[in-house]
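Okay, so here's the structure we're looking at.
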Amino acid sequence: MIEYSTHTLVNGLRIVHNYDPTTTQVVLNTLYNVGSRDEDPELTGMAHLFEHLMFGGSVNVPDFDRELELAGGTNNAWTSNDFTNFYSIVPAQNVETAFWVESDRMLSLAFTPESLEVQRKVVIEEFKQVCLNRPYGDYGHRLRQLLYTSHPYRFPTIGREIDHISRVSMDDVRDFFFSHYAPNNAVLAVAGPITLDETIRLAEKWYGPIPQRPVKPRLYATEPPIEAPRMLELHADVPQTRLTIAFLMDNADHPDYPATDLITDILASGQSARFNRDLVMGSELFTAADAAISGSEEQGFIMFTGALRSDSPEAVAAARQMILDQLADLCDNPVSDQELQRALNRFESNRLFSQIGALPRATQLARSVMTGRDINAVTDIYRAVTPEKIRQTAQRLLRPAASATLVYLPKSH
């Protein structure tokens, strides 16, 4: 169980605190309720661009990294479809430096043309390296556009295309910042050898003066269900055929979310899982097979992927049918108590290990407060899942008529 306390400033900034005397460093983790789902469909990649821009200097701190490094600290960030997360780690005696620099970039960025151009080039180069010059690099683009027709999840966080980042203006940057990066749209998690009283004092001093801002509402509609199978075959510079069958799934607050997550563990986690036993070891078609969920706050997806030995149409069709047969078995027959227990034990173990250290605890606490989900209740919620719940969830979600199949084939064919 993680012990924590919460406090909210007048400007709406939510603070969650975890006292940890076993470390000499303090973590400040700032989670903003903004991700690629908040972008204009014609100007995607903004949240990811801001992950970079937030290190390019703020109104009173021209060089964020330098100030933190002088205090013996480090920092980093990540962006998802749902959230943007920034963290700084500093020695406890220099914790006020982290409060100063982190609050200043929440107050306002410097908005210099130089910073925008530098970070624009960095993001464009990243897009080229990750999406254009790597085997399966456009996988996220292709799969999401196959699954979603209207929801902003149809684009990955890096953006739909380079042109969108190339034409971002300073006005676009200012508008996106002041309509999303606000104290009333953020959670600050503080973990380490710092008391709650000291945390509140420093937060009031450095974050308290930052005004609330109107946050742009999310006005998009729910993604309609897939009513007929979708399929896309691509010929690309890839080393072997990759087959993915995906289905839309429930949001993170849905009662069936834990069961859906456990389905992927039952099928693909560990050497004794069904995919490894039946597809990889039990056939000549697969060299690897996996299953995963997108883990989204809104309607995400569950996907089943196989790497194939052959790229013949017959092999692809047979491999697809083998995956569908595995899913049909989940729908028709409850999993064994032993299989479910193994998946639950693995989940609990991974979760416990993921909370070792101030940084992962701070990150998870920030998300817990942001979403209103009790961090200490998650394991019990998963433990309550039954074999029958697994079967019912599979029946509802894993219907062949609701599938989206993506196949990458080597260019020679």
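Any value given below was found using the heavy atoms of this structure, including those in side chains, with hydrogens, waters and symmetry copies removed.
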Got a second to check how far [X]'s [atom1] is from [Y]'s [atom2], nearest 0.5 Å?
X      : Y      : atom1 : atom2 : result
Thr6   : Leu196 : OG1   : CG    : 9.0 Å
Trp78  : Tyr87  : CH2   : OH    : 11.0 Å
Glu233 : Leu406 : CD    : CG    : 9.5 Å
His17  : His7   : NE2   : NE2   : 12.5 Å
Asn81  : His48  : CG    : NE2   : 12.0 Å
Asp253 : Thr371 : CG    : OG1   : 6.5 Å

**Report entry** Aromatic ring pairing Phe50/Tyr181, orientation class (parallel under 30°, perpendicular over 60°, tilted between)
**Finding:**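 Phe50 vs Tyr181 ring planes: parallel.
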
Indicate yes or no for a side-chain donor-acceptor contact from [X] to the backbone of [Y] under 3.5 Å, with no hydrogens or angles considered.
X      : Y      : result
Arg230 : Leu147 : yes
Asp65  : Phe55  : no
Asn11  : Gln212 : no
Gln355 : Arg361 : no
Asn33  : Asn185 : no
Ser403 : Pro400 : yes
Gln25  : Pro91  : no
Ser103 : Trp100 : yes
Ser368 : Gln364 : no
Glu51  : Thr79  : yes

Please check if any side-chain donor atom of [X] sits under 3.5 Å from a side-chain acceptor atom of [Y], or the reverse.
X      : Y      : value
Gln299 : His151 : no
Asn75  : Ser88  : no
Thr44  : His164 : yes
Asp172 : Ser169 : yes
Thr244 : Thr305 : yes
Asn85  : Asn29  : yes
Glu102 : Trp206 : no

Query raised in the report: Is it the case that Arg144 places NZ or CZ above or below the six-membered ring of Phe155, under 6.0 angstrom from the centre and within 45 degrees of the axis?
Result: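 Pair Arg144/Phe155 does not count as cation-pi.
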
Query raised in the report: Are Arg309 and Phe286 in a cation-pi setup, meaning NZ or CZ lies under 6.0 angstrom from the ring centre and within 45 degrees of the ring axis?
Result: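 Ring-cation test returns no.
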
Requested in this report: For the pair Lys411 and Asp311, evaluate salt bridge (Lys or Arg N to Asp or Glu O under 4.0 Å) and give the outcome as yes or no after the intermediate values.
Outcome: CA-CA 10 Å; Lys411 260 188 177 177; Asp311 50 13; over 6 Å; no

Short N-O contact, [X] and [Y], less than 4.0 angstrom:
X      : Y      : result
Asp278 : Arg274 : no
Glu198 : Arg201 : yes
Glu223 : Arg154 : no
Glu69  : Arg66  : no
Lys216 : Asp175 : yes

Side chains of [X] and [Y] in contact at under 4.5 Å (non-hydrogen atoms):
X      : Y      : answer
Ile293 : Met249 : yes
Gln326 : Phe275 : yes
Leu109 : Arg105 : yes
His235 : Pro410 : no
Tyr382 : Glu348 : no
Thr405 : Leu232 : no
Tyr257 : Asn251 : no
Asp138 : Leu132 : no

Query raised in the report: Can you check ring-ring contact (aromatic ring centres under 6.0 Å, His included) on Phe111 and Phe177, steps first, answer last?
Result: CA-CA 10 Å; Phe111 297 115; Phe177 178 84; 5.6 Å; yes

Just jot down the salt bridge (Lys or Arg N to Asp or Glu O under 4.0 Å) partners of [X], sequence neighbours excluded, or say none.
X      : answer
Glu204 : none
Arg367 : Glu297
Arg242 : none

Query raised in the report: Asp237 and Tyr408: side-chain hydrogen bond (donor to acceptor under 3.5 Å, both in side chains), yes or no, with the steps?
Result: CA-CA 9 Å; Asp237 287 322; Tyr408 274 83; over 6 Å; no

Query raised in the report: Applying the side chain to side chain contact (heavy atoms under 4.5 Å, CB included) test to Leu340, which of Asp265, Leu262, Asn345 qualifies?
Result: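 Of the listed options, the one satisfying the test is Leu262.
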
**Report entry** Worked verdict on Phe304 versus Leu243 for side chain to side chain contact (heavy atoms under 4.5 Å, CB included)
**Finding:** CA-CA 8 Å; Phe304 309 95; Leu243 165 69; over 6 Å; no

Query - Working for side chain to side chain contact (heavy atoms under 4.5 Å, CB included), residues Val95 and Val190 - result: CA-CA 10 Å; Val95 67; Val190 181; 5.7 Å; no

**Report entry** Test side-chain hydrogen bond (donor to acceptor under 3.5 Å, both in side chains) applied to Asp163 and Ser166, step by step
**Finding:** CA-CA 5 Å; Asp163 179 63; Ser166 298; 5.3 Å; no

